[in-house]
Amino acid sequence: MSRTFAHNIFNDDLTMRNYLALYACIINPKLSYNRALAIFEIPRDKKINNINSKNEIIHVMDIYTKKKYIFTSREDLEIKTGIKPKYVSIYYSKKFNFKNRYKIEKIVDDTSKEQK
């Protein structure tokens, strides 16, 4: 088993988790492999894995019509423009235009207003 910096070695070693799931399937033949793997899955924090949970205000400009749009969530942005929520920060940081039409001008983090 490899070394790890975590307190619980089991959380880092995916191979051990797979072997335990296989062992559970051998012990209980009615158990499917996916269900056995889910038994040994680590519960994750929803805020870390959910990209869309951020409170952001996104400013987008339509280059063809020169209109500026303000979106309060990445889902609204996807409905209007078609930009996938996980690619918003890439288009903003690299200053690419989506389909040579939509330019993301600014992303404002709205969490600072809620904390004050």
Side-chain angles (χ1 to χ4, degrees):
M1 190 177 298
S2 64
R3 292 186 175 197
T4 180
F5 293 110
H7 296 291
N8 188 357
I9 297 171
F10 180 73
N11 291 345
D12 288 344
D13 197 0
L14 298 176
T15 307
M16 184 196 315
R17 224 176 309 165
N18 285 329
Y19 279 125
L20 287 172
L22 180 63
Y23 178 71
C25 288
I26 292 169
I27 297 298
N28 184 2
K30 295 180 182 178
L31 188 65
S32 70
Y33 180 73
N34 289 331
R35 177 65 185 133
L37 199 57
I39 291 171
F40 298 108
E41 189 65 32
I42 303 167
R44 295 189 176 122
D45 189 12
K46 291 181 182 177
K47 289 184 180 180
I48 293 173
N49 290 333
N50 191 359
I51 298 171
N52 305 329
S53 67
K54 295 180 180 179
N55 293 330
E56 295 176 331
I57 299 173
I58 304 166
H59 297 264
V60 178
M61 186 176 84
D62 188 350
I63 295 173
Y64 295 150
T65 61
K66 303 291 184 201
K67 288 185 181 178
K68 292 187 179 183
Y69 300 101
I70 298 174
F71 298 100
T72 56
S73 69
R74 292 185 180 202
E75 291 87 12
D76 295 339
L77 177 66
E78 182 181 17
I79 292 168
K80 175 67 179 167
T81 62
I83 301 173
K84 298 286 182 193
K86 61 183 178 181
Y87 298 129
V88 169
S89 57
I90 295 170
Y91 282 112
Y92 177 69
S93 65
K94 301 288 185 184
K95 298 187 178 172
F96 291 141
N97 295 338
F98 179 70
K99 294 186 178 179
N100 291 327
R101 179 173 185 164
Y102 297 106
K103 179 181 179 184
I104 300 175
E105 294 180 332
K106 187 174 18 172
I107 300 176
V108 179
D109 188 18
D110 200 24
T111 57
S112 60
K113 293 179 183 177
E114 292 176 0
Q115 293 175 354
K116 291 182 180 179

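Note that this is a predicted model, so its numbers are computed, not measured. Values below: all heavy atoms of this structure, side chains included; hydrogens, waters and symmetry mates excluded.
- In this structure, E56 CD and T72 OG1 are separated by 10.5 Å, a value rounded to the nearest 0.5 Å.
- Here the NZ-CD1 distance, from K84 to I90, works out to 13.5 Å after rounding to the nearest 0.5 Å.
- In the hydrophobic cluster analysis, where Ile, Leu, Val, Met, Phe, Trp and Tyr join through side-chain heavy atoms closer than 4.5 angstrom, Y91 is grouped together with V88.
- A36 approaches C25 most closely through the heavy-atom pair CB-SG, 3.8 Å.
- A side-chain N or O of Y33 and one of N18 form a donor-acceptor pair less than 3.5 Å apart.
- One finds the NE2 atom of H59 at 9.5 Å from the OH atom of Y92 (value rounded to the nearest 0.5 Å).
- Across all non-hydrogen atoms, the minimal contact from E78 to P85 is OE1-CD, 3.5 Å.
- Summarising the geometry of F98 relative to T81, their closest heavy-atom pair is CE2-O, 3.4 Å, with the distance given to 0.1 Å.
- Here the CD1 atom belonging to I58 is positioned 8.5 Å from the CD1 atom belonging to I83, to the nearest 0.5 angstrom.
- At a threshold of 4.5 Å between side-chain heavy atoms, the hydrophobic network of Ile, Leu, Val, Met, Phe, Trp and Tyr places I107 and Y87 in one connected group.
- Counting non-hydrogen atoms of neighbouring residues, nucleotides and ligands closer than 6.0 angstrom, the CZ atom of R101 exceeds 12 such neighbours.
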Worksheet entry | From CA spacing to verdict: side-chain contact (heavy atoms from CB on, under 4.5 Å), Y102, N97 | CA-CA 5 Å; Y102 297 106; N97 295 338; over 6 Å; no
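- The line from NZ of K68 to NZ of K106 is 9.0 Å long, rounded to the nearest 0.5 Å.
- More than 12 heavy atoms of other residues, nucleotides or ligands lie within 6.0 Å of OH in Y69, so this atom counts as buried by the packing criterion.
- Between the CZ atom of F71 and the CD1 atom of I57 there is a distance of 13.0 Å, given to the nearest 0.5 Å.
- Closest heavy-atom contact between L31 and I39: CD2-CD1, 4.2 Å.
- L77 and F96 fall within a single hydrophobic cluster, where Ile, Leu, Val, Met, Phe, Trp and Tyr side chains are chained together by heavy-atom contacts under 4.5 Å.
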